[in-house]
Amino acid sequence: VILPLMGLGLAVYFYSAPENFNEEMLRGKRVIVTGASSGIGEQMAYHLARMGAHVLVTARTEAKLQKVVERCRELGAASARFVSGSMEDTAFAEEVVKEAENTWGGLDMLILNHIGHSYFNYFDGDVDHIRKLLETNFLSYVAMTVTALPMLKESEGNIVVVSSVAGKAPGPFAAPYSATKFALDGFFSSLRHEFIIENVNVSITLCILGYIDTDNAMQAVSHAIKVAPSPKEECALEIIRSGALRQHELHYPPGIVNGMLLLRWSVEKINLTFLYSISSLNFVPSPL
Ligand code: NDP
């Protein structure tokens, strides 16, 4: 038992990661961004373009992706293209990675960011919805990782997985979404251990995000969450920065996880009605 643990400890100790972020690190890099037709994904595409990366963006809405690609070219992307389709279908997820392979002959960074539509309300008992959401929010992430891994091993690249505080500390009204985000942590944090044991020099960064001011998030929860959302532009930059620095986890805004874990502990220990009345979060489910 002790020898493998010592080996793991040494591997972690000698694991080298760059200490300081420099935007030049992304110049000429080949990057896939999923869920890039809006929100945080769109902002990541613009940052990467400005830094001179090659970007391949994907989502379902072709018209929006076309505009994102045009803007990326204006901002100075080394190249910009899109593939449209739904991540409910794992064959499509694999196709996106193949497109990168055919176009660039390799890949440096895989940013997994898309989410399928869910609801903010009491769990309605719909098992099919959870199955569908797991396909979109979890299995497509795994499928893209599997297909991209040979290229990422060759480039000693980065996998960036966008998750949420709901994937670390579950609150009410988001049971299906929360389940898919916990699945990401379980799978990718376990995989990271295996990479360290096997000396696979591909980094995995899990991004734990709080409330961000994207149109869709504000529409879904602004009536219920009274804290101010953080800006999507800054959030997008922090995600790219953490991936390039090969960090294991990003917590944005800073301190969010400590706050949520404290809230989780409190939820388990204190009477819920009392907690909600003192909390800055005023949970009100939206109508189905
Ligand atoms: P948005 O809703 O703005 O963007 C979601 C993206 O996913 C869009 O580009 C959408 O494009 C795409 N998408 C939706 N369904 C599918 C599908 N079936 N197949 C392929 N693509 C799809 O999300 P945010 O920018 O707010 O969130 C981005 C990430 O950040 C997510 O992983 C989310 O969980 C995480 N996060 C966000 C928070 C927030 O407050 N905003 C808080 C915590 C975490 P299209 O409709 O064209 O397919």
Side-chain angles (χ1 to χ4, degrees), residues 5 7-36 40-41 43-56 78 97 100-101 104 106-114 141-142 144-165 167-168 181 184-210 234-258:
L5 279 177
L8 183 62
L10 283 173
V12 172
Y13 182 76
F14 288 114
Y15 176 75
S16 66
E19 281 179 9
N20 297 313
F21 179 65
N22 176 342
E23 295 198 347
E24 281 300 309
M25 288 165 126
L26 274 305
R27 183 166 300 284
K29 295 293 184 199
R30 300 154 297 181
V31 187
I32 294 176
V33 186
T34 72
I40 301 164
Q43 297 306 317
M44 285 195 275
Y46 297 154
H47 283 303
L48 289 161
R50 199 173 40 74
M51 294 172 197
H54 295 272
V55 287
L56 171 59
V97 179
E101 188 170 18
W104 300 324
L107 183 68
D108 298 292
M109 188 182 271
L110 175 64
I111 303 183
L112 301 165
N113 166 77
H114 61 275
Y141 282 43
V142 175
M144 289 187 84
T145 298
V146 170
T147 312
L149 207 48
M151 290 190 283
L152 291 171
K153 282 182 179 172
E154 200 175 314
S155 64
E156 303 200 329
N158 322 101
I159 298 167
V160 179
V161 178
V162 180
S163 187
S164 161
V165 287
K168 282 282 183 197
K181 293 299 192 184
L184 289 176
D185 194 351
F187 180 81
F188 283 98
S189 300
S190 173
L191 192 65
R192 188 193 300 112
H193 282 297
E194 294 180 12
F195 284 1
I196 292 170
I197 292 167
E198 292 188 312
N199 287 321
V200 173
N201 199 9
V202 175
S203 64
I204 297 179
T205 302
L206 184 72
C207 304
I208 309 299
L209 307 183
E234 184 183 77
C235 175
L237 187 57
E238 282 304 305
I239 293 172
I240 294 167
R241 187 177 163 278
S242 305
L245 292 179
R246 310 179 82 82
Q247 288 171 356
H248 289 183
E249 283 198 5
L250 163 71
H251 299 163
Y252 179 88
I256 187 76
V257 169
N258 293 345

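Predicted, not measured: the structure shown is a model, and the values here were computed from it.
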Check against side chain to side chain contact (heavy atoms under 4.5 Å, CB included), V97 and M151: CA-CA 10 Å; V97 179; M151 290 190 283; 3.6 Å; yes
Check: G243 main-chain N/O paired with N158 side-chain donor or acceptor under 3.5 Å: yes
Closest approach of L245 to F21 (non-hydrogen atoms, all atoms of both residues): CD2-N, 3.7 Å
Taking every non-hydrogen atom, the tightest pair across I204 and F195: CD1-CE2, 3.7 Å
Side chain to side chain contact (heavy atoms under 4.5 Å, CB included) between L206 and S189, worked out: CA-CA 8 Å; L206 184 72; S189 300; 4.2 Å; yes
Closest approach of D185 to G167 (non-hydrogen atoms, all atoms of both residues): OD2-O, 4.0 Å
Nearest heavy atoms of G28 and H54, plus distance in Å: O-CD2, 3.4 Å
Listed partners of E194 passing side chain to side chain contact (heavy atoms under 4.5 Å, CB included), at least two apart: S190, L191
Side chain to side chain contact (heavy atoms under 4.5 Å, CB included) between C207 and V160, intermediate numbers included: CA-CA 7 Å; C207 304; V160 179; 3.8 Å; yes
pair I239-I40: side-chain heavy atoms closer than 4.5 Å: yes
Side-chain donor or acceptor of R192 paired with backbone N/O of H248 under 3.5 Å: yes
Rounded distance (nearest 0.5 Å) linking atom NE2 of H251 with atom CD of E238: 12.5 Å
Contacts of type side-chain hydrogen bond (donor to acceptor under 3.5 Å, both in side chains), residue E156, not counting sequence neighbours: N201
S155 side chain to L107 backbone, donor-acceptor under 3.5 Å: yes
Side-chain (K29) to main-chain (G157) donor-acceptor, under 3.5 angstrom: no
Spacing of Y46 atom OH and L237 atom CG [to the nearest 0.5 Å]: 15.5 Å
Side chain to side chain contact (heavy atoms under 4.5 Å, CB included) partners for R27, two or more places apart: E24
Point-to-point distance, once rounded to the nearest 0.5 Å, from CZ of F187 to OG1 of T145: 6.5 Å
Minimal non-hydrogen separation, P18 against A244, with atom names: CG-O, 3.6 Å
From L48 atom CG to L56 atom CG, the distance as rounded to the nearest 0.5 Å: 11.5 Å
Rounded distance (nearest 0.5 Å) linking atom CE of M44 with atom CE of M109: 10.0 Å
Non-neighbouring partners of S164 that pass side-chain hydrogen bond (donor to acceptor under 3.5 Å, both in side chains), sequence neighbours left out: none
Spacing of E154 atom CD and D108 atom CG [to the nearest 0.5 Å]: 10.0 Å
For R30 against G106, the heavy-atom pair lying closest together: NH1-CA, 3.4 Å
Verdict with reasoning, S203 to I159, per side chain to side chain contact (heavy atoms under 4.5 Å, CB included): CA-CA 6 Å; S203 64; I159 298 167; over 6 Å; no
Cationic N near anionic O, under 4.0 Å, K168 to E249: yes
By side chain to side chain contact (heavy atoms under 4.5 Å, CB included) - contacts of E234 (at least two apart): P231, Y252
Listed partners of T34 passing side chain to side chain contact (heavy atoms under 4.5 Å, CB included), at least two apart: I32, T58, M87, L112, N113, H114, M144
Side chains of I240 and L26 in contact at under 4.5 Å (non-hydrogen atoms): yes
